[in-house]
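Along the sequence shown, residues carry numbers from 1.
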Amino acid sequence: MQNSFDALWTAIPYPAFVIGRDNLVLEANSAAESFAATSLKQMRTKQFHRFVGEASLVMDVIAQARRRAVSVVQHNVEVSWADHAPILHNLHASPIQESEGDILLLLHPRAIAERMDRSLNHRSAVKSVTGMAAMLAHELRNPLAGISGAAQLLAMTLDESDQELTRLIEEETRRIAKLIDKVEQFGDLRPSQRDAVNIHDVLDRSKRAAKAGFAAHIRFAEEYDPSLPLVAGDADQLLQVVQNLLKNAAEAAPKVGGTITVRTAFRPGVKLSLPGQKSESLPLLITFTDNGPGVPDNLIRDIFEPFVTTKANGTGLGLSLVSKLISDHGGVIDCESQPGKTVFSIRLPVWHVGDVAANNETEGKAWKVQL
């Protein structure tokens, strides 16, 4: 029976704590350890308010449950943990009948679920571009090639003073061709070919390429979890995702003192509900943090939508393509931003035997975030 309770305790997908009558941490599940970024051994026998603050509403909810001997639920509470930024949670505190004064506290992170659901909604917006992408590629490439060829022929017969106009025509046709290339990538509806990928290899390759080019002025910091399992994905597509995110971060970071921090971690607790009462866990977390000015508040909710951009000459397709590729991998991407700090977070599934078949089975079907 004890083994069954242990398994149930570990299976709770969001942070759960047992708080003693003197507010000491007695127990914490694995999701709580991930949330706190520390082990139960480090938290045990320490007073809970040391982590959330004495004036925190969390402590008031615990006190109410203990005083009234009933379960207390509080929605949309900002929970700050140590030096972490506050995150909205639903709180559930319930007395443990067999242990007088002990409280079971469950933290249900609201913000994560809402942001992840919003990330999945971007998928439908991206799909609305695919038909247009196929049309553009088919209808515009041939006349564009004709315009470019005509400009080259004209350049052979014109004086040097007139050739500036033909050069302008050629430059603009090349620019349009590059834009069509970007849009055309949305028209590829083939399932991603998943394989076992070491995400650290992908990150290192991307960083080396970035340092040799657009991110030569950036200081990189890596905080990798060396025990991270393999990712289920397409190495080339993941490389494209990482390079897009690094390029955005490098362009946002200041020219002097610009930094990009890349972290990997194993963080269980987020799942996707799949058709047929199935679910897939997304425990692999990769984050990219830059110290740029941040994303404007009026754009942060739509940052992954097609044609939404903060750049004066941007197309607004880079992050939308990133979102599509991550969705094709069965993962989700999220962005948090404030002045001086922007974080892009990717969650991906672990590689398992049979992932290719599973990917084909669920391709294009509706998914929902679970916590």
Side-chain angles (χ1 to χ4, degrees), residues 122-190 205-206 208-218 234 236-255 258 290 292-293 295-296 298-299 302-328 335 344:
H122 295 140
R123 189 172 187 168
S124 60
V126 169
K127 284 189 174 181
S128 69
V129 181
T130 58
M132 182 185 67
M135 180 275 292
L136 281 174
H138 178 72
E139 298 293 339
L140 296 184
R141 283 198 184 280
N142 288 338
L144 201 61
I147 294 171
S148 179
Q152 293 175 23
L153 289 175
L154 281 174
M156 297 171 61
T157 60
L158 294 175
D159 295 334
E160 180 63 30
S161 59
D162 295 324
Q163 289 187 6
E164 182 179 350
L165 292 176
T166 61
R167 284 194 292 269
L168 177 62
I169 293 172
E170 290 185 58
E171 289 174 2
E172 289 302 298
T173 54
R174 284 194 294 269
R175 185 177 68 83
I176 295 172
K178 289 181 180 178
L179 178 59
I180 292 174
D181 287 339
K182 288 184 178 181
V183 176
E184 190 177 22
Q185 295 178 72
F186 289 97
D188 187 358
L189 298 178
R190 293 171 298 176
R205 286 171 58 194
S206 299
R208 287 199 300 268
K211 287 290 289 183
F214 57 79
H217 65 291
I218 294 294
D234 180 303
D236 290 337
Q237 290 186 354
L238 290 174
L239 186 69
Q240 184 178 5
V241 165
V242 174
Q243 288 179 337
N244 265 291
L245 292 177
L246 291 182
K247 189 172 189 297
N248 274 4
E251 291 175 350
K255 297 298 181 183
D290 69 71
V295 180
N298 62 326
L299 292 182
D302 303 318
I303 195 66
F304 297 107
E305 299 285 352
F307 310 116
V308 174
T309 181
T310 61
K311 304 172 187 175
N313 298 316
T315 62
L317 293 175
L319 287 177
S320 191
L321 178 59
V322 165
S323 179
K324 174 186 182 295
L325 293 176
I326 292 299
S327 293
D328 289 346
C335 178
F344 282 89

So that I can tick it off, tell me whether Glu251 and Lys247 are bridged by a salt bridge, with the cut-off set at under 4.0 angstrom between side-chain N and carboxylate O. yes
Report the distance from atom CG of Asp234 to atom CG of Asp328, rounding to the nearest 0.5 Å. 10.0 Å
Among residues at least two apart in sequence or on other chains, which ones pass salt bridge (charged side-chain N to carboxylate O under 4.0 Å, His left out) with Arg205? none
Between Ser206 and Gln243, which heavy-atom pair has the shortest distance, and what is it? OG-CG, 3.8 Å
Could you tell me which residues satisfy side-chain contact (heavy atoms from CB on, under 4.5 Å) with Ala252, sequence neighbours excluded, listed by chain and number? Asp290
So CG of Leu325 and CG of Asp236: to nearest 0.5 Å the spacing works out to 11.0 Å
Check whether Ser323 reaches the backbone of Leu319 with its side chain - one donor and one acceptor, N or O, closer than 3.5 Å. no
Any chance you could measure Asn244, atom CG, to Phe344, atom CZ, to the nearest 0.5 Å? 10.5 Å
Calculate, to the nearest 0.5 Å, the distance between atoms CG and CD belonging to Leu239 and Gln237 respectively. 11.0 Å
